[in-house]
2 protein chains.
Amino acid sequence: MTAERVPLSRARVLGAAVAIADRDGIAALTMRRLAQDLGVEAMSLYHHVANKEALLDGVIEVVMAEIAEAVGEPVVEDWQAAMRARVLTARQVFLRHPWAARVLETRTSISPGVIAYYDGVLAIFRAGGFSYDLAHRALHALGSRALGFSQELFDLSDPAADAEAEAMVQELAEHFPHLAAMVAEIAHDDPDSALGWCDHQAEFEFGLDLILSGLERLRAEG
Amino acid sequence: MTAERVPLSRARVLGAAVAIADRDGIAALTMRRLAQDLGVEAMSLYHHVANKEALLDGVIEVVMAEIAEAVGEPVVEDWQAAMRARVLTARQVFLRHPWAARVLETRTSISPGVIAYYDGVLAIFRAGGFSYDLAHRALHALGSRALGFSQELFDLSDPAADAEAEAMVQELAEHFPHLAAMVAEIAHDDPDSALGWCDHQAEFEFGLDLILSGLERLRAEG
DNA sequence: ACCTGAACACCGTTCAAGT
DNA sequence: ACCTGAACACCGTTCAAGT
């Protein structure tokens with residue numbers, strides 16, 4: 001936008017890429033569009049990122065740096081409260097960048113930022129008295145939830161699917177009685193769905209607490 | 001391959017698409033390649049699927065039909081054992097189609113096959129004495145695990161990342177002492193990683209059972 | 001009704017050339 | 001060292017035309 005004469009740098013390229021994805025979605029993030037926003041030819045980008053995949057790797061590093069700053073140093077007392085706070089803080093960053101979860105999942109190489117985040121998670125587990133074996137299984141049990149997001153495969157309260165889904169559920173109510181009954185019973189009037197897939201705060205916290213308290217039980221048993 | 005004179009049909013198109021993804025990965029599934037495998041021009045496909053997105057929708061329906069056949073009618077006694085069996089059976093199908101989980105997550109429209117699967121899940125919860133409210137929260141807690149898969153964001157035992165990751169972990173051991181220690185302690189010699197993301201059977205079952213037993217506790221409390 | 005061929009508007013990326 | 005312009009090899013898709 002401004003600062004036309006600032007020379008291109010990796011940081012400027014990645015920053016502009018995040019801005020495009022935030023504003024217009026991840027599909028809008030093309031090399032040509034990115035170059036245009038930077039006032040440069042597309043090919044100039046290749047001096048700062050090796051290719052499109054490397055660009056996406058870099059964009060994830062930006063997001064993970066945001067998370068690292070937000071969560072700070074791992075707290076080492078009351079592991080369950082510390083984990084809960086860490087995850088919910090990270091989640092706020094993903095709510096700001098709804099495209100980031102999907103990009104993160106498509107990375108093939110290991111991201112140093114993700115590694116650093118998980119090392120902090122492990123620090124909390126260890127301080128809470130977990131063996132490395134239990135901590136390892138805990139990481140698997142949490143999956144992406146450790147980073148603050150969890151995909152739902154369909155969303156009955158998705159505002160985007162409103163008309164279509166409502167008609168569909170209506171139409172299919174006779175075939176799928178349980179789903180129809182559940183939808184009818186549950187008042188879904190809180191519109192705080194933000195991650196594209198259904199991921200309401202209360203429901204995320206329910207799943208998180210269910211896993212954390214299960215882990216605490218296993219830890220206490222030794 | 002064979003059957004050159006069989007007229008094109010939606011079923012043949014979707015079957016060929018699944019075969020391409022299974023054999024050469026989801027990136028190989030292009031309209032042109034699909035047409036070529038069917039001995040037809042690319043544009044002919046558009047008489048049987050509206051566009052590429054509709055093709056992917058259809059491909060998911062094929063996978064969900066495989067799952068529906070594999071899981072059968074929902075069992076209605078011992079909800080926990082029934083859910084466990086249903087999920088692990090569905091998981092087998094995803095292990096046969098490693099690309100399917102990612103495609104499923106990118107669907108924007110609701111898939112009838114997924115709806116039907118979840119209706120069966122709800123039938124099991126209800127027969128086990130769950131309220132619709134608890135069943136709803138249970139679906140969120142399980143997330144994609146209800147369908148048999150869970151993405152891990154990085155995989156320390158991924159054979160593909162072997163050399164690179166090992167060197168990296170080595171190099172970064174001083175910065176990430178907990179991860180390094182955990183990797184060193186855990187004997188990762190079972191090579192049954194199959195879904196691309198780390199998703200070993202034992203670790204999947206650990207997470208699944210942790211959630212299911214947590215849900216049982218909540219159900220018993222009323 | 002079903003299939004075709006050429007064409008269009010996009011991609012990411014290579015390469016030789018400029019400063 | 002950094003950036004450019006043209007070009008290449010791909011995409012998904014439109015359209016008018018064939019049978």
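In what follows, chains are A, B, ... by sequence order, proteins preceding strands, each numbered from 1.
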Using atom types as modelled and distance alone, determine if a side-chain donor or acceptor of [X] lies under 3.5 Å from a backbone N or O of [Y].
| X | Y | result |
| --- | --- | --- |
| B/Y117 | B/A146 | yes |
| A/T89 | A/A85 | yes |
| A/D119 | B/L179 | yes |

Whole-Å distance between [N] [atom2] and [X] [atom1]?
| X | N | atom1 | atom2 | value |
| --- | --- | --- | --- | --- |
| A/R33 | C/dG12 | CZ | C1' | 17 Å |
| B/L45 | D/dG12 | CG | P | 10 Å |
| B/E41 | D/dA16 | CD | P | 19 Å |
| A/L8 | D/dC2 | CG | P | 10 Å |
| B/H48 | D/dT13 | NE2 | P | 17 Å |
| B/I26 | D/dG12 | CD1 | P | 11 Å |
| A/R32 | D/dG5 | CZ | P | 13 Å |
| B/R10 | C/dC2 | CZ | P | 14 Å |

Legend entry - NZ/NE/NH1/NH2 to OD/OE distance under 4.0 Å, A/R96 and A/D22: no
Legend entry - Atom pair CD/OG1 of A/E53 and A/T106 - distance to nearest 0.5 Å: 6.5 Å
Inset, instruction - Return the nearest nucleotide to the side chain of B/H47; candidates are D/dG5, C/dC3, D/dT14. - result: C/dC3
Legend entry - B/M43 side-chain proximity, nearest of D/dG12, D/dC15, D/dA7: D/dC15
Legend entry - Complementary nucleotide of C/dC8, counting Watson-Crick and G-U pairs under 3.5 Å: D/dG12
Inset, instruction - Please check the phosphate of D/dT4 (OP1 and OP2 only) for any side-chain N or O of A/S44 closer than 4.0 Å. - result: yes
Inset, instruction - For C/dT14, take OP1 and OP2 only and decide whether either is under 4.0 Å from a side-chain N or O of A/Y46. - result: no
Legend entry - Residue met sooner reading DNA chain D from 5', once B/M31 and A/V40 are mapped to nucleotides: A/V40
